[in-house]
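Before any comments, here is the structure.
Just so it is clear, the model here is predicted, and its values are computed rather than measured. In what follows, residues are counted from 1 in the order of the sequence shown.
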Amino acid sequence: MGRGAAMAENVAADLGTYDYVVVGAGTAGCVLANRLSADPKNRVLLLEAGGRDDYFWIRVPVGYLFTMNNSRTDWCMKTEPSEGLNGRALSYPRGKVLGGCSSINGMIYMRGQAHDYDHWRQLGNVGWGWKDVLPYFKRSEDHAAGEDDMHGSGGELRVEEQRLSWEILDAFRAAAAETGIPNTRDFNRGNNEGCGYFEVNQKRGVRWSAADAFLHPVANRNNINVLTHAHVRRIHFEGKKVTGLTFWHDDQPVKATVAGELLLSSGAINSPQLLQLSGIGPGDLLQEHGIPLVLDLPGTGENLQDHLQMRLVFLVSNTRTLNRRANSLMGRIGMGLEYFLLKRGPMTMAPSQLGAFAKSDEAQVTPNLQYHIQPLSTDKLGDPLHSFEAFTASCCNLRPESRGYVRIKSPHPRGQPAIQPNYLSDPMDRQVAADAIKLTRQIVGAPAMARFQPTEFLPGPQYQTEEELARVAGNIGTTIFHPVGTCKMGSTSDTLAVVDDRLRVHGIEGLRVIDSSIMPTITSGNTNAPTIMIAEKASDMILQDSRG
């Protein structure tokens, strides 16, 4: 726990009183710090347990290969072994620097579907329908194509087209069209059905994180205090009202007083963990670890949802993929020169370049599958690329039925909680996984792909029956790092709800959760842009409520 943990909290250095204390300078925290400090009367403290975002590979888009599973930039978490994955545990990257996961993620700008938010509203969450949230997406956006009825211009978050293309990806797009998945240029207009190149959070070929967009431009405001290496120990209460918190700053104990509100923006893993460590959560769990109970809130850490992708790999001929180029000295030199001279080429690559949204069966009202297509292949993320020419077609179930949990394993704040997504535990998810593999084979077998002679390498053509495909999905399935739902938004009648529709923790005064953990159900796509929207909307609600 570090030497600060051994010191009594009553001798901690006093950092003073703040109107707003934000725990976590990740995607949501950076937005909150920006918006709440815009009024010079508001004193804002932003705490980040990780370090600064000054590592070279954060800025280079392909640097995700060197930031994930790197203890400098990633907390290097692991899931619990999952029966649905045939006993496997997965690496679970979480950003460990300013900007959080937006500093190490795939940079894909994806809002999800209008249906997602209308469903939140139908669950009783007032003000969270598509028409309610669209203005917040637009407010922060600086879209390269300019403003229209669906996109914003002049906001902090830059959205651009990717600066490369690949022959094999163009062929996959044509093959998708041949199988009924139309071409599209814009996945972010409410219905993302179709196939096209993803738009990314980059600025002229450089990663544009939430810290770049929202935090760094305002970090010198007199009324904002940003501390890195600040790991929160626990929240303090008088009865059911938040009064402050204690944390370690560079391993020294520090305390801060909250005059207004404490805002948890530590993500779907750490926000419920901190609540549990502070006495808010399932009573039996807290009692097991000797934590005094402040409020028995059983949904805290439950309802974990994530997108599990099936990684299919196909050998190809008569074209070039990144595999051989990256395995060649001259190829690597050429890529480096192309990037540093022109900010173009493979080093500007997001982990996935081409996307597609499709239906696993015609009974689906909207697309329930998302493809991430890559002109490369590897055994797993971070491993060397294969020596042969190949591409990867990953497909995930956008609306999984399986639910997992995040639960503390000890009362020690620096310990990792148990992360159990329970992938493929629901029979419907296993069916969708099998259907996704069959649809992928159908696309790759379309005429537009024929000249590349694709041959299935993973999982292998020997798997054919529904039962075989569902089982092998557990071998080739891996996360795309979209955990949500562990501090679910909902009314008090929902036994799993943790926050109300203004993101206030039920039964506690002066405490909100503002990050992806509040999603009652996962959005139909990548989750970074929705998290920014959540923080944008929350900042308005906080300021409105402060005025009475």
Side-chain angles (χ1 to χ4, degrees), residues 24-27 48-82 85 87-108 200-201 207 209-211 228-229 231 266-270 273 304 306-311 313 322-323 326-327 332 346-353 372 374 376-386 392 394 396 404 406 409 414-421 423 458 475-483 516 526-528:
T27 298
E48 169 54 46
R52 301 199 64 82
D53 57 335
D54 52 3
Y55 184 47
F56 170 78
W57 285 110
I58 290 175
R59 297 288 178 270
V60 181
V62 80
Y64 66 88
L65 293 170
F66 307 103
T67 55
M68 291 186 182
N69 301 314
N70 177 345
S71 61
R72 176 172 177 171
T73 49
D74 178 7
W75 289 105
C76 299
M77 294 182 177
K78 292 274 191 181
T79 69
E80 300 296 305
S82 174
L85 300 186
R88 291 188 301 133
L90 300 179
S91 294
Y92 221 57
R94 299 282 88 197
K96 193 182 177 183
V97 293
L98 294 175
C101 290
S102 74
S103 291
I104 69 171
N105 71 357
M107 297 161 284
I108 293 171
V200 290
N201 294 129
R207 175 190 290 274
S209 70
T228 55
H229 303 292
H231 199 122
S266 299
I269 307 303
N270 293 114
Q273 179 190 24
L304 174 62
D306 190 13
H307 288 144
L308 182 77
Q309 63 177 352
M310 312 302 121
R311 295 181 64 255
V313 174
L322 187 61
N323 284 9
N327 282 312
R332 292 194 296 272
M347 289 186 70
T348 68
M349 283 172 51
S352 302
Q353 298 79 54
H372 293 77
Q374 306 146 338
L376 55 85
S377 65
T378 180
D379 289 335
K380 66 177 185 294
L381 184 67
D383 282 5
L385 300 186
H386 292 142
T392 301
S394 293
C396 75
V406 173
K409 295 193 285 189
R414 287 177 171 167
Q416 182 193 306
I419 305 169
Q420 178 53 275
Y423 296 119
L458 284 177
N475 294 335
I476 63 172
T478 188
T479 177
I480 40 176
F481 325 121
H482 296 164
S516 65
N526 308 72
T527 53
N528 188 252

Would you kindly say whether S102 and N528 are connected by a side-chain donor-acceptor distance under 3.5 Å?
no
Could you pull out all residues at least two apart from R52 that satisfy salt bridge (charged side-chain N to carboxylate O under 4.0 Å, His left out)?
none
Restricting to side-chain hydrogen bond (donor to acceptor under 3.5 Å, both in side chains), what partner residues turn up for N105, sequence neighbours left out?
R207
How long is the gap from CE on M77 to CD1 on I419, to the nearest 0.5 Å?
5.5 Å
Residues passing the side-chain hydrogen bond (donor to acceptor under 3.5 Å, both in side chains) test with S103, sequence neighbours excluded, are none
For a side-chain contact (heavy atoms from CB on, under 4.5 Å) check, start with the C-alpha distance between Y55 and N70, then their side-chain angles and the critical distance, and finish with the verdict.
CA-CA 11 Å; Y55 184 47; N70 177 345; 3.4 Å; yes
For T378, side chain to side chain contact (heavy atoms under 4.5 Å, CB included) partners two or more places apart:
R311, D383, L385
Those residues at least two apart in sequence (or on a different chain) that pass side-chain hydrogen bond (donor to acceptor under 3.5 Å, both in side chains) with S377 are N323, H386
Salt-bridge present (K409, E80; N to O < 4.0 Å)
yes
Y92 side chain to D74 side chain, donor-acceptor N/O pair below 3.5 angstrom:
no
For K78, which residues count as a salt bridge (charged side-chain N to carboxylate O under 4.0 Å, His left out) partner, sequence neighbours excluded?
none
Quick one: list whatever passes side chain to side chain contact (heavy atoms under 4.5 Å, CB included) with L65, sequence neighbours left out.
V62, L381
Do T348 side-chain atoms and P61 backbone N/O form a donor-acceptor pair below 3.5 Å?
no
Residues that C101 engages under side chain to side chain contact (heavy atoms under 4.5 Å, CB included), provided they are two or more places apart
R94
Working to the nearest 0.5 Å, report the span between CZ of R72 and CG of D54.
6.0 Å
Could you pull out all residues at least two apart from F66 that satisfy ring pair (Phe, Tyr, Trp, His ring centres under 6.0 Å)?
W57
Contacts of D53 that satisfy salt bridge (charged side-chain N to carboxylate O under 4.0 Å, His left out) - sequence neighbours left out:
R59
For a quick check under 3.5 Å, do E48 and T228 share a side-chain donor-acceptor pair by atom type?
no
Qualifying residues under side chain to side chain contact (heavy atoms under 4.5 Å, CB included), relative to P351, sequence neighbours excluded:
Y64, M107
Mind listing the closest non-hydrogen atom pair of L90 and G477 along with its distance?
CD2-O, 4.3 Å
Residues that N475 engages under side-chain hydrogen bond (donor to acceptor under 3.5 Å, both in side chains), provided they are two or more places apart
N86
